[in-house]
Structure formats: C-alpha cells, structure tokens
Amino acid sequence: MMKLTFLGHAAFLLEAKGIKALIDPYISRNPQSPIKADSLSGITHIFVTHGHGDHLGDACLIAKRCNSLVITNAEIGHYLTDRGLRVHSLHIGGRTKFDFGTVKMTPALHGSAIDEAEGRYGGNPGGFVIEAEGKKVYHAGDTGLTMDMKLLEPEHIDVALIPIGGNYTMDAEDAVRAVEFVQPKMVIPMHYSTFPVIQADPAVFKARVKNAEVQILSPGEHIEL
Ligand code: NI
Ligand code: MN
C-alpha cells in the first residue's frame with residue numbers, strides 16, 4: 001500500500017514498499033507544516049523539483065541526518081554533491097529504475113535559482129512521476145499550465161499533485177485545465193494559501209474539476225492507495 005501525507009505547501013511524505021520519501025521538503029520555515037524537520041527519521045529518498053527555498057527547503061539537513069538519496073536535476077545535483085550529499089541526478093524526460101520503482105522527470109514552466117546558494121543556477125525546474133507498488137504519483141512542481149501535461153495522459157496517473165495558488169504557478173482555473181490534460185484518477189491541490197500572495201480556495205477548484213476525484217488535504221492528513 002502507498003501512503004501519501006501532505007506536509008503543507010508543496011511538501012509530501014510518500015511511503016511505499018522500499019521507500020520513505022520526502023518531496024520538496026519545505027518544513028522548518030513552512031508556516032503550514034504539521035511536523036518538525038527533526039521528527040522525521042529513516043527518510044530513504046528526497047525529491048527536489050527546483051532550487052527555490054520553498055522546495056529545496058530542509059533537503060540538505062534531512063538528507064545529511066538520514067543519509068537519504070536526493071533525486072533532482074543535474075544542476076541542483078552538482079550543488080548538493082558539493083555539499084556532501086548522496087545524489088541521483090536525472091533530467092527532464094528521463095526515466096530511471098530504482099529498487100522501489102521508477103521515476104520520470106517532467107517539465108515545469110518556472111525558474112530554478114538556488115535561493116540558499118545566492119541564486120546559483122539550478123537548471124530547469126521540473127516535476128516527477130514516481131511509481132511504486134504499481135501506483136503512480138505526479139508531483140507537478142511549480143509550474144504554469146503547459147500543453148506538455150497532455151503527454152502525461154498515457155502514464156495513467158493515480159494521483160496528481162497540482163499547484164492552484166496562482167502568482168508563481170497556475171491558479172485554480174488553469175489547474176482545472178491541467179487536470180483535464182493529465183487525466184489522473186485523483187488530484188490533490190497544493191501550493192496555495194501558504195502566503196497572502198497565493199491565497200486560493202480549494203473548494204472552488206474541487207467544484208470545477210469534473211474528470212477526477214479531488215482530495216483536499218489539510219497539512220498532516222494522508223491518503224492511502
Ligand atoms: Ni518556485
Ligand atoms: Mn514554490
């Protein structure tokens with residue numbers, strides 16, 4: 001069984017056979033975080049979609065403590081290797097097999113400066129299709145609506161994690177179209193209401209989505225697949 005816990009903003013904990021992973025672990029400075037970064041143990045993998053502080057977050061801290069493998073793009077990978085972390089780099093469009101399943105990196109329309117390294121070049125931002133125990137999760141990262149999302153339809157995504165907050169990413173209206181492109185079975189809205197500038201009502205998003213089940217999770221809540 002796969003368990004997916006929302007940690008607020010774009011941060012998730014994904015647990016399945018052979019993997020206990022964080023995605024975009026923005027925890028200690030995340031005003032929505034239901035947990036402390038210190039309380040996480042045994043993290044095997046950390047996925048980082050891009051270099052912004054609200055995504056790279058506590059990745060270094062936790063990866064050092066747990067000896068986690070960080071999965072990210074080549075540029076952020078170089079930076080984290082320099083910092084002494086264990087890294088697996090891949091890039092947009094690439095799929096790789098791991099012990100627990102597979103990971104494919106997907107495009108995102110956004111930026112990726114590494115905030116904590118004074119804006120060092122962080123390559124292209126992305127998202128991930130993570131497959132474990134036969135279930136597929138798509139974390140879109142920070143992105144605007146893009147036609148590339150149509151390419152995900154044949155992936156048969158079980159759960160899509162889609163930003164709805166606007167300003168830096170899609171708003172709820174564009175996110176509804178993203179769900180039409182991706183055709184997931186279920187969608188969980190993310191990246192909203194953490195800061196005043198990305199205030200959004202997930203109920204409005206939920207009411208407009210016609211082709212997938214929408215699960216609105218409060219930080220700390222989880223789903224099982
Ligand atoms: Ni960002
Ligand atoms: Mn962000």
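Atoms within a ligand are numbered from 1 in the order they appear, just like the ligands themselves. Basis for what follows: all heavy atoms, side chains included, without hydrogens, waters or symmetry-related copies.
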If you count every heavy atom of other residues, nucleotides or ligands that lies below 6.0 Å from Glu118 atom CD, does the total exceed 12?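 Result for CD/Glu118: open.
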For the Ni ion (ligand 1), count the protein N, O or S atoms found under 2.8 Å away.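 There are 4 of them.
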Proximity of His88 and His45 rings by center, below 6.0 Å: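 When the ring centroids of His88 and His45 are compared, they turn out to be at least 6.0 Å apart.
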Could you tell me if the ring centre of Tyr26 sits under 6.0 Å from that of His9?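 When the ring centroids of Tyr26 and His9 are compared, they turn out to be within the sub-6.0 Å range.
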Proximal heteroatom of Asp142 relative to the Mn ion (ligand 2) (N/O/S):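 It is OD2, the N, O or S atom of Asp142 closest to the Mn ion (ligand 2).
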Between His55 and His191, does the ring-ring contact (aromatic ring centres under 6.0 Å, His included) criterion hold? Intermediate values first, please. CA-CA 10 Å; His55 297 262; His191 211 276; 5.3 Å; yes
Apply the hydrophobic cluster definition, ILVMFWY joined by side-chain contacts under 4.5 Å directly or through others, and give me every member besides Met147. Val129, Tyr138, Leu145, Met149, Leu152, Ile157, Ile162, Ile164, Met170, Val176, Val179, Phe181, Val182, Val187, Tyr192, Phe205, Val209, Val214, Ile216
Working to the nearest 0.5 Å, report the span between OG of Ser68 and CZ of Arg86. 7.5 Å
Look at the N, O or S atoms of His55, main chain and side chain alike, and state whether any lies under 2.8 Å from the Mn ion (ligand 2).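 Looking at His55, which is the residue asked about, there is an N, O or S atom under 2.8 Å from the Mn ion (ligand 2).
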Any side-chain donor near an acceptor of the partner, Asp24 and Thr49, under 3.5 Å: yes
The Mn ion (ligand 2) as vertex, arms to NE2 of His191 and OD2 of Asp54: angle to 10°? 90°
